[in-house]
Amino acid sequence: MGKIKVTIWNEFVHERDDNPVGEYIRNIYPDGIHEFLKEKLQADDLEIRAVSLNMPDQGLPDEVLNDTDVLMWWGHCAHHLVDDELVARIRFRVLHGMGLIVMHSGHYSKVFRTMMGTACRLRWREVGEKERLWVVDPTHPITQGVPETFTLPHSEMYGERFDIPEDGKILFMSWFEGGNVFRSGVLFQRDYGKIFYFSPGHETYPIYHDENILKVLGNAIRFVNPACGVLPDRITPTPQSHEPITTENPLIEVKTACLHQQKK
């Protein structure tokens, strides 16, 4: 099999801010979160590109999106700037098999909310408190090689209630120093596409420097990767049956007569 083609999308706004916070973030991620993750996640079985909102076609022209097996999405303050047409194209690709990994405040992106069909709201607090993550399912491929529990010394608190659909499989739970808890790693299936949401990753803390966080993301890439490549569109009408149908249905004659009438 060929390499998994990964595209890391980042709105790339905070890292370019001309203020003390922007300068602070650049000390953690000098070339942006997307470029940092591209460097740290490199592996022999991965082919990774890093793109951002400020690039032509918002970083995802057809030739890039259609050549992506797994799309990683990081957004925070520029959700409203993402074109609805791009969101529709991403949705189409996911439903046809492209894997999607949504990180941190990407929970409120147009992409994630479109795929979930909910508001995806949550509680939050930004005081740099400790976060302890717990593995909920130690048998799942995404949790392999990750300790049962580990801590991040400083994190933005995300807390319940998290407005996501009930069909998500919880892989990680987080407890925060202030007492809140959160479903911090949740896996979804939408048609042929797998979607993994993973919350740790605030821009002002070096969370993506943590080896456990990088391990989770690397595992997630390989899990949501479509096993057989992105699948072609399905043809759903099936006029010819595989078995003979002998049941009489008088409505069929009525429908057939209507069709003949419409053709006249």
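All of these numbers come straight from a predicted model, not from anything done at the bench.
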Next on the checklist: Are L46 and L100 connected into the same hydrophobic cluster when the rule is that any two of I, L, V, M, F, W, Y join if their side-chain heavy atoms are below 4.5 Å apart?
Outcome noted: no

Checklist entry - Is the gap between the ring centers of F172 and F198 under 6.0 Å? => result yes

Checklist entry - T151 side chain to P153 main-chain N or O, any donor-acceptor pair under 3.5 Å? => result no

Side-chain atoms of residues 112-120: list all donor-acceptor pairs with protein atoms under 3.5 Å, sequence neighbours left out, distances to 0.1 Å.
from, atom 1, to, atom 2, distance (Å)
R113, NE, Y108, O, 3.3
T114, OG1, K110, O, 2.7
T118, OG1, D163, O, 2.9

Checklist entry - Does G75 offer a backbone N or O that forms a donor-acceptor pair with the side chain of S105 under 3.5 Å? => result yes

Item to check | Pairwise distance CD(E177) to CG(L152) - rounded to 0.5 angstrom | outcome: 12.5 Å

Checklist outcome for this item: Heavy-atom nearest pair, S184 first then P200, reads O-CD, 4.1 Å

Checklist entry - So do I101 and L71 actually touch side chain to side chain, heavy atoms under 4.5 Å? => result no

Next on the checklist: So which atom in H79 and which in S109 form the shortest heavy-atom distance, rounded to 0.1 Å?
Outcome noted: ND1-CA, 3.6 Å

Next on the checklist: Do E126 and T204 make a side-chain contact, defined as non-hydrogen atoms from C-beta onward lying under 4.5 Å apart?
Outcome noted: yes

Item to check | Pairwise ring pair (Phe, Tyr, Trp, His ring centres under 6.0 Å) hits with a residue in residues 20-73, at least two apart | outcome: W9-W73, F12-H34, Y29-F36, Y29-H209, F36-H209

Next on the checklist: Please tell me whether V146 and L214 are part of a single hydrophobic cluster in this structure, the criterion being side-chain heavy atoms less than 4.5 Å apart.
Outcome noted: yes

Item to check | Charged N-O contact under 4.0 Å between R16 and D31 | outcome: no

Item to check | Donor on one side chain, acceptor on other, T149 and R132, under 3.5 Å | outcome: yes

Next on the checklist: Is any side-chain heavy atom of K130 closer than 4.5 Å to one of W175?
Outcome noted: yes

Next on the checklist: With ring pair (Phe, Tyr, Trp, His ring centres under 6.0 Å) as the rule and sequence neighbours excluded, what pairs involving residues 116-144 come up?
Outcome noted: H140-F223

Item to check | Same apolar cluster: V136 and I164, side chain cutoff 4.5 Å | outcome: no

Checklist entry - How are the rings of H104 and Y158 set to each other: parallel, tilted or perpendicular (split at 30° and 60°)? => result parallel

Checklist entry - Under a 4.5 Å cut-off applied to non-hydrogen side-chain atoms, are N66 and R93 in contact? => result yes

Item to check | For D17, side chain to side chain donor-acceptor pair (under 3.5 Å) partners two or more places apart | outcome: none

Item to check | Heavy-atom closest pair, residues M55 and A50 | outcome: SD-O, 4.5 Å

Next on the checklist: For H76, is there any backbone N or O sitting under 3.5 Å from a side-chain donor or acceptor partner on E11?
Outcome noted: yes

Next on the checklist: With side chain to side chain contact (heavy atoms under 4.5 Å, CB included) as the criterion, how do S155 and I207 come out once you've worked through the C-alpha distance, each side chain's angles and the decisive distance to 0.1 Å?
Outcome noted: CA-CA 8 Å; S155 188; I207 289 172; 3.8 Å; yes

Item to check | Single-linkage hydrophobic cluster L133~F196, side-chain heavy atoms < 4.5 angstrom | outcome: yes

Checklist entry - Quick one: does Y208's side chain get under 4.5 Å of I213's, heavy atoms only? => result yes

Checklist entry - Within the side chain of E15, is there an N or O that forms a donor-acceptor pair under 3.5 Å with the backbone of G32? => result no

Checklist entry - Can you find a side-chain donor-acceptor pair between N10 and E35 that sits under 3.5 Å? => result no

Check: residues 56-65 side-chain donor-acceptor pairs under 3.5 Å, at least two apart:
from, atom 1, to, atom 2, distance (Å)
Q58, OE1, D83, N, 2.9
Q58, NE2, L81, O, 2.8
D62, OD1, R89, NH1, 2.7

Checklist entry - Do R121 side-chain atoms and R161 backbone N/O form a donor-acceptor pair below 3.5 Å? => result no

Next on the checklist: Just verifying a value: how many Å separate S174 OG and M157 CE, rounded to the nearest 0.5 Å?
Outcome noted: 11.5 Å

Checklist entry - Closest heavy-atom contact between V70 and N225? => result CG2-CA, 3.7 Å

Next on the checklist: Please check this pair: side chain of D210 against backbone of N212, looking for a donor-acceptor N/O pair closer than 3.5 Å.
Outcome noted: yes

Next on the checklist: Quick check: closest heavy atoms across M72 and I221, and the distance to 0.1 Å?
Outcome noted: SD-CD1, 3.8 Å

Item to check | Working for side chain to side chain contact (heavy atoms under 4.5 Å, CB included), residues T68 and V6 | outcome: CA-CA 6 Å; T68 298; V6 182; over 6 Å; no

Item to check | Test side chain to side chain contact (heavy atoms under 4.5 Å, CB included) applied to E160 and N180, step by step | outcome: CA-CA 7 Å; E160 298 291 340; N180 297 82; over 6 Å; no

Checklist entry - Taking atom CZ of R125 as the centre, does the number of heavy atoms from other residues, nucleotides or ligands within less than 6.0 Å exceed 12? => result yes

Next on the checklist: In the structure I gave you, are the side-chain heavy atoms of H107 and Y197 within less than 4.5 Å of one another anywhere?
Outcome noted: yes

Next on the checklist: Using modelled atom types and a 3.5 Å cut-off, is there a donor and acceptor pairing between side-chain atoms of Q189 and backbone atoms of D191?
Outcome noted: yes

Checklist entry - Would a 4.5 Å heavy-atom cut-off, applied to side chains only, mark D69 and M98 as touching? => result no

Checklist entry - What is the distance from atom CZ of F182 to atom CZ of R123, rounded to the nearest 0.5 Å? => result 12.0 Å

Next on the checklist: I need the full list of side-chain hydrogen bond (donor to acceptor under 3.5 Å, both in side chains) pairs touching residues 37-50, with sequence neighbours left out, sorted by first then second residue.
Outcome noted: T7-R49, D45-R222, R49-D67

Checklist entry - For the residue pair H202 and Y205, does the interplanar ring angle fall in the parallel (under 30°), tilted (30 to 60°) or perpendicular (over 60°) class? => result tilted

Item to check | Flag side-chain contact, heavy atom, 4.5 Å: K169 against F188 | outcome: no

Next on the checklist: Apply side chain to side chain contact (heavy atoms under 4.5 Å, CB included) to residues R183 and L171 and explain how you reach the verdict.
Outcome noted: CA-CA 8 Å; R183 290 167 285 171; L171 300 182; over 6 Å; no

Next on the checklist: Taking side-chain contact (heavy atoms from CB on, under 4.5 Å) as the criterion, tell me which of T143, V135, D137 meets it with T139.
Outcome noted: D137

Checklist entry - Applying the 4.5 Å side-chain criterion to the ILVMFWY set and letting contacts propagate, would F176 and V216 be lumped into a single cluster? => result no

Checklist entry - Taking all atoms of both residues into account, what is the closest heavy-atom pair of N219 and Q144, and its distance? => result ND2-O, 2.7 Å

